[in-house]
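Contents: one structure, followed by commentary.
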Amino acid sequence: MAVMKKYLLPILVLFLGYYYSTNEEFRPEMLQGKKVIVTGASKGIGREMAYHLSKMGAHVVLTARSEEGLQKVVSRCLELGAASAHSIAGTMEDMAFAEQFVVKAGKLMGGLDMLILNHITQTSMTLFDDDVHTVRRVMEVNFLSYVVLTTAALPMLKQSNGSIAVISSLAGKMTLPLIASYSASKFALDGFFSTLRKEHLITKVNVSITLCVLGLIDTETAIKETSGVIKFRASPKEGCALEIIKGTALRKDEVYYDSSSWTPILLGNPGRKIMEFLTLRSYNMDRFVSN
Ligand SMILES: NC(=O)c1ccc[n+]([C@@H]2O[C@H](COP(=O)([O-])OP(=O)(O)OC[C@H]3O[C@@H](n4cnc5c(N)ncnc54)[C@H](OP(=O)(O)O)[C@@H]3O)[C@@H](O)[C@H]2O)c1
Ligand SMILES: *[C@@H]1O[C@H](CO)[C@@H](O)[C@H](O)[C@H]1NC(C)=O
Ligand SMILES: *[C@@H]1O[C@H](CO)[C@@H](O)[C@H](O)[C@H]1NC(C)=O
């Protein structure tokens, strides 16, 4: 009975709370007039997210390296009904650019409600072959720049009770051959941003963090890189982009988008959630929480 009270009840409460707390319905109006940054928005899933946000009447500031690619997306966003659409081109290999980009975007829109972190540096599927330079570039672009962008955006997001979407992959929750650096960068995102989410809860910072775990999506880059190696069914990028926006607007912890509906059950990892919950109970956080 004592064990039951100490462990089982809290676990039950945790899971019931988890399943019934996120039942709010998504409405496109939730994004109307919202100020949103999308990185990696010149093509692929990022571009589709910019289009959905525009149809919903959001303000968008987009970034990627290709100035020309971004211009085309911005024009289309305005046609689709964006409240405003701007782009700032640059590379996320440059952390100074990442930081300045957020400041400029905030000035353009007069604040920030949603930060969608989506860009990745291109990598090809190959055995790891001592190429430490690639590992460093991938960690900097796919992980470190996400931290820099978040740090620069947090003051604005705290003011607006805003949201962060972190785009990850099945490869950020499980391991497969041929993508060691990419996988490392996606696991790093889970470690960092899932920790940050817990700290926000404890310190009452009302900025949500949604980790998006995607299966194979039919973007040009992904189809090209995986052809001849992977023969899974790719899911549509339009639907993927919409699910990311919905989950982020509803302030969910995680979004899964994959061709198999077993994925969230198998990768959701209840064991990890129980361990985290129980371990946190033996923490004393008083020193870290003001008032
Ligand atoms: N597609 C999939 O199957 C799949 C599966 C799981 C997860 N995901 C995740 O979904 C997200 C989007 O993937 P995607 O398939 O849509 O990719 P994508 O079509 O290749 O688009 C990548 C975007 O990042 C930009 N980018 C590339 N290098 C950059 C750099 N150094 N600095 C700044 N921007 C850079 C690209 O524009 P420029 O080249 O103009 O810079 C482009 O806008 C990624 O986080 C990816 O890991 C995708
Ligand atoms: C943010 O949320 C707090 C409560 O957590 C509320 O008092 C405040 O008005 C909200 N601010 C905005 C801009 O929505
Ligand atoms: C956090 O912000 C959201 C969005 O503004 C709001 O709906 C929610 O009530 C806030 N939560 C708390 C605990 O203040």
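Both ligands and their constituent atoms are indexed starting at 1 by order of listing. The structure displayed is predicted, hence computed values, not measured ones.
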List every atom of ligand 1 that sits less than 4.0 Å from any heavy atom of [X], numbering the atoms from 1 in the order shown and giving each element.
X      : value
Met92  : 30 (C), 32 (N), 33 (C)
Ala41  : 43 (O)
Gly44  : 16 (O), 19 (O)
Ser168 : 7 (C)
Ala222 : 1 (N), 2 (C), 3 (O)
Glu93  : 31 (N)
Thr91  : 30 (C), 31 (N), 32 (N)
Leu216 : 3 (O)

Do Val102 and Leu189 share a hydrophobic cluster, counting only Ile, Leu, Val, Met, Phe, Trp and Tyr and linking them when any side-chain heavy atoms are less than 4.5 Å apart?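 Hydrophobic grouping puts Val102 with Leu189.
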
Applying a strict under-4.5 Å side-chain criterion to I, L, V, M, F, W and Y, I'd like to know whether Leu242 and Val60 cluster together. yes

Could you tell me whether Ala171 approaches ligand 1 through its side chain, its backbone, both or neither, with non-hydrogen atoms closer than 4.0 Å?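 None of Ala171 does.
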
Measure Lys237 to ligand 1 on non-hydrogen atoms and call it side chain, backbone, both or neither using the 4.0 Å cut-off.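 The answer is neither.
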
Report the member of [options] with the shortest heavy-atom distance to [atom].
atom                    : options                        : result
atom 1 (N) of ligand 1  : Thr221, Val38, Thr219, Leu170  : Thr219
atom 46 (C) of ligand 1 : Tyr146, Tyr257, Tyr182         : Tyr182
atom 2 (C) of ligand 1  : Ile217, Val213, Thr123, Asp258 : Ile217

Please write down residue, atom name and distance for the protein heavy atom closest to [atom].
atom                    : result
atom 27 (C) of ligand 1 : Ile120 O, 3.1 Å
atom 48 (C) of ligand 1 : Ile45 CD1, 3.9 Å
atom 21 (O) of ligand 1 : Lys43 CG, 3.8 Å
atom 13 (C) of ligand 3 : Asn206 ND2, 4.4 Å
atom 9 (C) of ligand 1  : Ile167 CG2, 3.8 Å
atom 11 (C) of ligand 1 : Asn118 OD1, 3.1 Å
atom 40 (O) of ligand 1 : Ser66 N, 2.9 Å
atom 39 (O) of ligand 1 : Arg65 NH2, 2.8 Å
atom 37 (O) of ligand 1 : Ser42 OG, 2.9 Å

Treating Tyr257 as the side-chain partner and Ile217 as the backbone partner, does any N or O pair qualify as donor plus acceptor under 3.5 Å? no

Contact check, Lys186 vs ligand 1, heavy-atom distance below 4.0 Å: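 Per 4.0 Å heavy-atom rule, Lys186 contacts ligand 1.
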
Assess Gly215 for proximity to ligand 1: is some non-hydrogen atom of it under 4.0 Å away?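 Distance cut 4.0 Å: Gly215 passes for ligand 1.
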
What I want to check is whether the side chains of [X] and [Y] have a donor and an acceptor closer together than 3.5 Å.
X      : Y      : answer
Asn118 : Arg47  : no
Thr175 : Ser183 : no
His119 : Ser145 : yes

[X] atom [atom1]: more than 12 heavy-atom contacts under 6.0 Å:
X      : atom1 : answer
Gln159 : CD    : no
Met275 : CE    : no
Glu99  : CD    : no
Glu68  : CD    : no
Lys186 : NZ    : yes

Regarding [X] and [Y], does a basic nitrogen lie under 4.0 Å from an acidic carboxylate oxygen?
X      : Y      : answer
Glu24  : Lys252 : no
Glu140 : Arg137 : no
Glu276 : Arg272 : yes

Side-chain contact, heavy-atom cut-off 4.5 Å: Leu62 with His86? no

Within a distance of under 4.0 Å, is there any protein heavy atom near atom 9 (O) of ligand 3? no

Strictly under 4.0 Å, does any heavy atom of Arg251 approach an atom of ligand 3? yes

Between ligand 2 and Asn161, is the shortest N or O to N or O distance under 3.5 Å? yes

Could you tell me the separation between the CG atom of Asp253 and the OG atom of Ser208, rounded to the nearest 0.5 Å? 9.0 Å

Those atoms of ligand 2 less than 4.0 Å from some heavy atom in Gln159: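 Matching atoms, with element in brackets: 13 (C).
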
For ligand 1, is there an N or O atom under 3.5 Å from any N or O atom of Val141? no

Derivation of the salt bridge (Lys or Arg N to Asp or Glu O under 4.0 Å) call for Glu93 and Arg136: CA-CA 10 Å; Glu93 286 169 80; Arg136 184 190 295 273; over 6 Å; no

